[in-house]
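Before any comments, here is the structure.
Residue numbering restarts at 1 for every chain, and letters A, B, ... go by the order of the sequence lines. Here the structure is a predicted model, which means the values were calculated and not measured.
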Number of protein chains: 2
Amino acid sequence: MFDDLDKVLLRFANLSEQELNAVHEKLEIVNISKNEYLVQDGEIADSIAFIQSGYLRVCFNHDGDEITRDITSVNSFITALTSFITRKPSFEIVKTITDCELMIIKRENLNYLYQTYNNWQTIGRRIVEEMFVRSQKRIYSLLTSSAEDRYKFILEEKPDMLKNIPLQYIASYLGITSQSLSRLRRNVYKQ
Amino acid sequence: MFDDLDKVLLRFANLSEQELNAVHEKLEIVNISKNEYLVQDGEIADSIAFIQSGYLRVCFNHDGDEITRDITSVNSFITALTSFITRKPSFEIVKTITDCELMIIKRENLNYLYQTYNNWQTIGRRIVEEMFVRSQKRIYSLLTSSAEDRYKFILEEKPDMLKNIPLQYIASYLGITSQSLSRLRRNVYKQ
DNA sequence: CTAGTCAATGAACATTTGTTAAGAAATTTG
DNA sequence: CAAATTTCTTAACAAATGTTCATTGACTAG
C-alpha cells in the first residue's frame with residue numbers, strides 16, 4: 001500500500017523501517033474526485049499530498065482566468081508551497097484535474113517527524129529542493145522555447161498528459177490561450 | 001562586518017551568538033571584479049555565496065547566447081542551485097555583472113554546520129525555500145505578463161537594477177532580445 | 001432523448017516579439 | 001587621444017501569439 005511512497009522517500013534519504021512506519025501512521029488516505037480543491041484561494045496550505053494516482057494542478061486567478069503554474073501526477077508531491085512555507089494565505093489554488101488517490105500529511109505531523117527523526121529534516125529539504133529543480137527547468141523552458149516547442153516536448157516526453165488533461169489546462173500551462181493551442185496543434189499534426 | 005549576513009540569517013531562524021560565530025569562521029570573504037565566473041559550465045557548484053555588494057546573474061548557454069534565469073544583488077544568496085543540490089556538473093553558470101564583495105561558504109562547511117547545529121538544518125531549508133518562492137513568482141510573471149509589463153515592474157520596483165546592469169542582461173532576464181527591449185523602452189518612456 | 005452547458009476549433013485581424021542589418025553611442029585598450 | 005570593440009538603438013519585415021466572435025463537438029442534467 002505504501003510501496004510507491006516508500007520508493008520515492010528512499011530515493012531522498014536512507015530511512016529505516018521505523019522511520020518509514022512513522023510516516024505511514026501520520027498519513028491520511030484520501031480519494032477525491034475531479035475538479036475538487038485541495039487548497040482554496042486565501043486558505044493557508046497546511047499539508048502536502050503525495051499522489052498515488054491522478055492529475056492535479058497548481059494555479060492562480062489572474063483577471064478572471066486560472067494560470068497554471070504546474071501540473072503534477074503520480075509519485076510526486078504537491079501543495080501550494082509558497083503558502084505552506086510562509087504560512088500566509090495562499091494566492092495559489094490546488095485542484096484535481098482527474099479523480100485522485102492522495103496520501104496527505106499535515107504540517108504538524110511533518111513537524112513532528114522533523115523533530116523526532118533527523119533523517120526527516122533531510123527528506124523535507126530534499127522534497128523542496130526537487131520542487132525547486134523542477135521549477136528551474138520550467139523557467140528555462142519559458143525563456144528559451146516557443147509554445148509550439150513546449151507542446152512538442154509534452155507530446156514526446158509526457159504523452160499521458162495529453163490523454164488525461166483537458167487542453168485548456170495544457171494551454172494555460174504552456175502560457176498561451178486555448179485558441180492558440182488549437183492553431184499550434186493543427187501545425188504540429190499536419191506536418 | 002557580518003552585520004548584514006547576521007540580520008538575514010536571524011530572519012530565517014533564531015540563532016545563538018555561538019551559532020552565528022560558527023558560520024563566520026567558515027566563511028571565505030572574496031572581492032571579485034566584474035565579468036568573473038563563480039561557477040563555470042560543467043563545473044560542480046560546491047559553495048553558496050552571500051552577496052555583500054554587487055550584482056550577479058545565473059544563466060545558461062542556449063544556442064550561443066546566455067539566457068538569464070536570475071539576477072541577484074545585495075543581501076541575497078546565490079549559487080547554481082540545481083548543481084549544488086544534485087552534485088552534478090552544472091549546466092548553469094554564475095557570473096558577476098559588477099564588482100562584488102561576497103561571503104562564500106563551501107559545501108563541506110555547510111554540511112558541518114548542518115550536523116553540528118540543528119538550527120542550521122532549518123536555515124539551509126529556509127534559504128532554499130526562499131529561492132523557491134522567488135522562482136514561483138518568476139514563473140507567474142513569465143506566464144501572465146508581457147515583456148513590457150515585466151520591464152515596467154523592474155522600473156518601479158528595482159530601479160537600481162536599471163542603473164547598474166547592462167540592458168542586454170535585462171533583456172535576457174525578461175526573455176526578449178535586446179532589440180525588442182530597445183523598442184519597448186521607447187514606448188515606455190515616450191508615454 | 002434533448003436542451004443546455006462546457007470544451008475545442010476555426011478564421012480574421014491586432015499586437016507582441018523575433019530577425020536581420022545597419023548605424024550611433026559608449027566603453028575599453030593601446 | 002584615437003582606434004577598436006562592445007553596447008544600444010533604429011527600422012523593415014517576418015513569425016508567434018492574442019483577441020474577438022462564431023461554429024462545432026462533447027458531455028451532463030433533467
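Protein chain A contacts DNA chain D from D:dT17 to D:dC21, reading 5' to 3' and using non-hydrogen atoms of the protein with a distance under 4.0 Å.
Inter-axis angle, ends of the helix from C:dC1-D:dG30 to C:dG30-D:dC1, five pairs per end, rounded to 10 degrees: 50°.
With A:D70 as the fixed residue, the salt bridge (Lys or Arg N to Asp or Glu O under 4.0 Å) test singles out one of A:R134, A:R138, A:R57: A:R134.
With a 6.0 Å radius and a threshold of 12 heavy atoms from other residues, nucleotides or ligands, B:K158 has its NZ atom at or below the threshold. Open room surrounds CG on A:N14; 12 or fewer heavy atoms of other groups in view lie less than 6.0 Å from it. At most 12 non-hydrogen atoms from other residues, nucleotides or ligands lie less than 6.0 angstrom from OH of B:Y112.
The hydrophobic cluster containing B:F132 also contains B:I127, counting ILVMFWY residues as joined when their side-chain heavy atoms lie under 4.5 angstrom apart, directly or transitively. There is a path of hydrophobic side-chain contacts, each under 4.5 Å, that joins B:I154 to B:L184.
Between the side chains of B:E101 and B:S53, at least one donor-acceptor pair of N or O atoms lies under 3.5 Å. Side-chain contact check for A:Q136 and B:T82: no donor-acceptor pair (N or O, by modelled atom type) lies under 3.5 Å.
For the segment residues 154-174 of chain A, residues with any heavy atom less than 4.0 angstrom from an atom of DNA chain C are, sorted by number, A:P166, A:L167, A:Q168.
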What protein N or O atoms touch nucleotides 24-30 of chain C N or O atoms at under 3.5 angstrom, if any, and at what distances?
residue	atom	partner	partner atom	Å
C:dT28	OP1	B:K34	NZ	3.3

Name the pairs: protein N/O against N/O of nucleotides 15-17 of chain C, kept only if under 3.5 Å.
residue	atom	partner	partner atom	Å
C:dT17	OP1	B:A147	N	2.8

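Using cut-offs of 30° and 60° for the angle between ring planes, the B:Y189 and B:Y151 rings count as perpendicular.
Residues B:F60 and B:D41 form no side-chain contact, since every pair of their non-hydrogen atoms from C-beta on lies 4.5 Å or further apart. Within the 4.5 Å cutoff, the side chain of A:F153 has no heavy atoms near those of the A:L174 side chain.
At whole-Å resolution of the value, CG in A:N187 and P in C:dA11 are 12 Å apart. Protein atom CG of B:L181 is 15 Å distant from nucleotide atom P of C:dT19, rounded to whole Å. At whole-Å resolution of the value, CG in B:D63 and C1' in C:dG18 are 14 Å apart. Remark: C1' of C:dC13 and CD of A:Q179 are 14 Å apart, rounded to the nearest angstrom.
Checked against the 6.0 Å centroid threshold, B:Y169 and B:Y55 do not count as a close aromatic pair.
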Exercise for the section: Determine, stepwise, if the pair B:E92 / B:R69 fulfils salt bridge (charged side-chain N to carboxylate O under 4.0 Å, His left out). Expected result: CA-CA 9 Å; B:E92 297 192 307; B:R69 171 172 67 76; 2.6 Å; yes
- Tell me, with the steps shown, if B:E148 and B:K152 meet salt bridge (charged side-chain N to carboxylate O under 4.0 Å, His left out). CA-CA 6 Å; B:E148 182 166 323; B:K152 284 178 181 163; 3.5 Å; yes
List the atom pairs, with distances to 0.1 Å, where a side-chain N or O of residues 20-29 of chain B and a protein N or O form a donor-acceptor pair under 3.5 Å, not counting sequence neighbours.
residue	atom	partner	partner atom	Å
B:N21	ND2	B:E17	O	3.4
B:H24	NE2	B:D6	OD1	2.7
B:H24	NE2	B:D6	OD2	3.4

